[in-house]
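Any value given below was found using the heavy atoms of this structure, including those in side chains, with hydrogens, waters and symmetry copies removed.
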Amino acid sequence: MVLGRYTSGMSLFLAPRGSAEPGDPDIATPCGNVSVKTRPMTKKPSMYKVFLLNDDYTPMDFVVQILEIVFNKSRQDATDIMLQVHKTGIGLCGVFTFEIAETKVAQVMSAARQAQHPLQCVMEKE
Ligand code: TYC
């Protein structure tokens, strides 16, 4: 047998029944009036809001394009968000897990820098 390779008859689950690891669900056996509590095995990831900030120089059209391309918005939604930023100073582009939010912020900042616009994009933990 080659070590590490599955052969028929081998158990894929090496931990014996009932063995507990940190992070494993708490499982209690129902017994009389004892309540049963379970804890899900997976944790929900933290979510991050990504915002565009207003400035006086970035063309409206550029912001609409950013919202379409980076945030997959329709032309109508992109225009609405751009106008929200223009009027109030800030607008929500989407909510993402950390790495996706970080990537989108970097994409916006890179496109803005390349086009020499002062557009700012920030993220904030929800
Ligand atoms: N205020 C800009 C203008 O009048 C438009 C703008 C909108 C800039 C949204 C940035 O995130 C922004 N040209």
Side-chain angles (χ1 to χ4, degrees):
M1 183 190 81
V2 180
L3 258 185
R5 197 172 283 172
Y6 174 79
T7 57
S8 70
M10 277 174 72
S11 171
L12 292 174
F13 301 95
L14 300 175
R17 269 176 196 279
S19 69
E21 291 285 330
D24 278 353
D26 290 327
I27 300 170
T29 310
C31 182
N33 290 327
V34 176
S35 67
V36 177
K37 271 190 193 164
T38 58
R39 178 157 48 89
M41 290 182 75
T42 50
K43 257 197 289 171
K44 277 200 243 161
S46 300
M47 300 302 281
Y48 293 79
K49 292 177 178 171
V50 174
F51 298 97
L52 280 179
L53 305 182
N54 192 35
D55 65 73
D56 293 337
Y57 304 103
T58 304
M60 291 182 173
D61 228 39
F62 183 83
V63 179
V64 171
Q65 277 193 52
I66 287 284
L67 286 159
E68 288 178 325
I69 295 164
V70 177
F71 297 98
N72 306 313
K73 300 295 185 187
S74 66
R75 174 61 60 96
Q76 185 60 62
D77 286 354
T79 304
D80 291 347
I81 295 167
M82 182 279 295
L83 287 173
Q84 158 88 6
V85 180
H86 178 69
K87 289 175 188 164
T88 70
I90 193 164
L92 180 65
C93 307
V95 183
F96 309 98
T97 54
F98 182 82
E99 284 191 356
I100 294 180
E102 201 184 32
T103 300
K104 289 191 187 287
V105 170
Q107 286 172 337
V108 173
M109 297 304 286
S110 168
R113 194 178 324 110
Q114 219 184 318
Q116 298 189 289
H117 297 314
L119 180 63
Q120 294 292 306
C121 185
V122 297
M123 60 193 268
E124 175 193 273
K125 193 169 183 179
E126 234 184 11

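Applying the salt bridge (Lys or Arg N to Asp or Glu O under 4.0 Å) rule to pairs touching residues 71-95 yields E68-R75, sequence neighbours excluded. The stretch residues 47-67 participates, sequence neighbours left out, in these side chain to side chain donor-acceptor pair (under 3.5 Å) pairs: D55-T58.
The hydrophobic clustering, which links ILVMFWY residues whose side-chain heavy atoms are closer than 4.5 Å, places V122 and L119 apart. Under the 4.5 Å side-chain heavy-atom criterion for grouping Ile, Leu, Val, Met, Phe, Trp and Tyr, M47 is not connected to V50 through any hydrophobic cluster. Tracing side-chain contacts under 4.5 Å through hydrophobic residues (I, L, V, M, F, W, Y), one reaches F71 starting from M60; they form part of the same cluster.
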Exercise answer: donor-acceptor pairs, residues 90-110 side-chain atoms, under 3.5 Å, sequence neighbours excluded:
| unit_1 | atom_1 | unit_2 | atom_2 | d |
| --- | --- | --- | --- | --- |
| T103 | OG1 | E99 | O | 2.7 |
| K104 | NZ | V70 | O | 2.8 |

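Scanning for ring-ring contact (aromatic ring centres under 6.0 Å, His included) contacts around H117 gives F62, with sequence neighbours left out.
Atom CD1 in I81 sits 8.0 Å away from atom CG in L52 (nearest 0.5 Å).
Residue Q114 places its CD atom among 12 or fewer non-hydrogen atoms of other residues, nucleotides or ligands, all under 6.0 Å distant.
Considering every non-hydrogen atom in both A78 and L67, the closest pair reads O-CD1, 3.3 Å. Nearest heavy-atom pair, L53 versus V85, reported as atom, atom and distance to 0.1 Å: C-CG1, 3.5 Å.
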